[in-house]
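Reckoned from all heavy atoms, side chains included, excluding hydrogens, waters and symmetry mates. Predicted model, so just to flag it, every value in this text is computed and none were measured.
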Amino acid sequence: MELRNNTQISEFILLGFSEATELQLLIFGVFLSMYLITVIGNLLIILAVISDSHLHTPMYFFLSILSLVDICFTSTSIPKMLVNIQMQSKAISYTGCMTQMCFLLLFAGLDDFLLAVMAYDRFVAICHPLHYTVIMSPQLCLLMVLVSSIISALHALLQSLMVLRLSFHTHSEIPHFICELNQVVHLAYSDTFLNDVVIYFAAVLLAIGPLAGILYSYSKIVSSIHAISSAQGRHKAFSTCASHLSVVSLFYCTCIGVYLSSAITHNSHSTAAASVMYVVVTPMLNPFIYSLRNKDIKSALKRLLGTESRKVPVVLRLNR
């Protein structure tokens, strides 16, 4: 397979959201704010898990990895967009575009697999609580993260190598704010049939596979919760996976929304706007979902930030 690009293309043009100059400052401010909130929020989750010994469990280990992946995912795309707005340039080098596309695929895939791994963790915790510590051993947790990383990396590498064999016009405009795989492939003037086959096959395998695992895990979780006799017990069991279920729903709903937007409207600006949901908004909201709905994370964050109220003993003295 010939991997060298046949043309002398040196850069792509990222058209972004709007050509209007007066909106660039607003877009810069909004995305800079969302990026900082995403990085700080996920970083606080990581620090809270590391600093609090009560959170040294498989569930919070996976959560800290998910937060790290979310930081890397947004950092792959948003800083470049902010620099382009600041420099009043829409260009991204060919190498930079291929690199960004590869890392976007890597971290998006890893996000998907981690959500499935976290669903399995909740399945074991609720359906097999007596064997939880034995099944979810540190070795298994590391192995699942490692396997997820390897599969995501191989997929990203395969898709990138498939794109490198394509030929592009010297002036190619991407109607997006990132080098998204489908957008880049459709810019090529060479035959993309093999690329389309690989893209759709990988999408079915890597998206439906983890989703099937999540649905199976939660079907068993619902059955186990339904079998609990007391209402308080059912509420306690459900609360342990409510945050994860919210994040899963947000992740897949935004991905489906982006797919439907591109399939129905065929409007590049609408697709780019919809992509903001899973590129920026979802990683930004994840820390809020876990911190607001999880008492352990909330307490750990308060201790980390030094805002937890301390109980001061009150000594009463009786005058004789």
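Shortest non-hydrogen contact noted between Ala156 and Leu106 is CB-N, 3.7 Å. Of all non-hydrogen atoms in Gln159 and Ala202, the two that sit nearest each other are NE2-CB, 3.6 Å. Pairing each heavy atom of Ala300 with each of Leu55, the nearest pair is CB-CD1, 3.5 Å. Heavy-atom minimum distance, Asp191 versus Arg165: O-NH1, 4.1 Å. When all heavy atoms of Met59 and Tyr132 are compared, the pair lying nearest together is N-OH, 3.9 Å. Minimum heavy-atom separation, Val247 to Asn286: CG1-OD1, 3.5 Å.
The aromatic ring centroids of Phe103 and Phe73 lie 6.0 Å or more from each other. Less than 6.0 angstrom separates the ring centroid of His169 from the ring centroid of Tyr189.
Tyr218 meets the ring pair (Phe, Tyr, Trp, His ring centres under 6.0 Å) test with His244; sequence neighbours excluded.
Atom NZ of Lys298 has more than 12 heavy atoms from other residues, nucleotides or ligands within 6.0 Å. Crowding of Leu25 atom CG: a count of heavy atoms from other residues, nucleotides or ligands under 6.0 Å not exceeding 12. Within 6.0 Å of NE2 on His128 lie more than 12 heavy atoms contributed by other residues, nucleotides or ligands. Taking a 6.0 Å sphere around NE2 of His186, one finds it holds more than 12 heavy atoms contributed by other residues, nucleotides or ligands.
With contacts defined as side-chain heavy-atom distances shorter than 4.5 Å, the pair Phe107/Asp70 does not qualify. Using a 4.5 Å heavy-atom threshold, the side chains of Ser77 and Val279 count as touching. Inter-residue side-chain proximity for Leu250 and Tyr278 is flagged as unmet; no heavy-atom pair is nearer than 4.5 Å. Under the 4.5 Å side-chain criterion, counting only non-hydrogen atoms from C-beta, Leu47 is not in contact with Ile45. Side-chain contact between Leu14 and Ile178 is absent, with no heavy atoms from C-beta onward closer than 4.5 Å. Contact check for Phe113 versus Met144: no side-chain heavy atoms found under the 4.5 Å cut-off.
Taking the six-membered ring for Trp and thresholds of 30 and 60 degrees, Phe12 and Phe168 have ring planes more than 60 degrees apart, a perpendicular arrangement.
A donor-acceptor contact closer than 3.5 angstrom is absent between the side chains of Ser246 and Tyr290.
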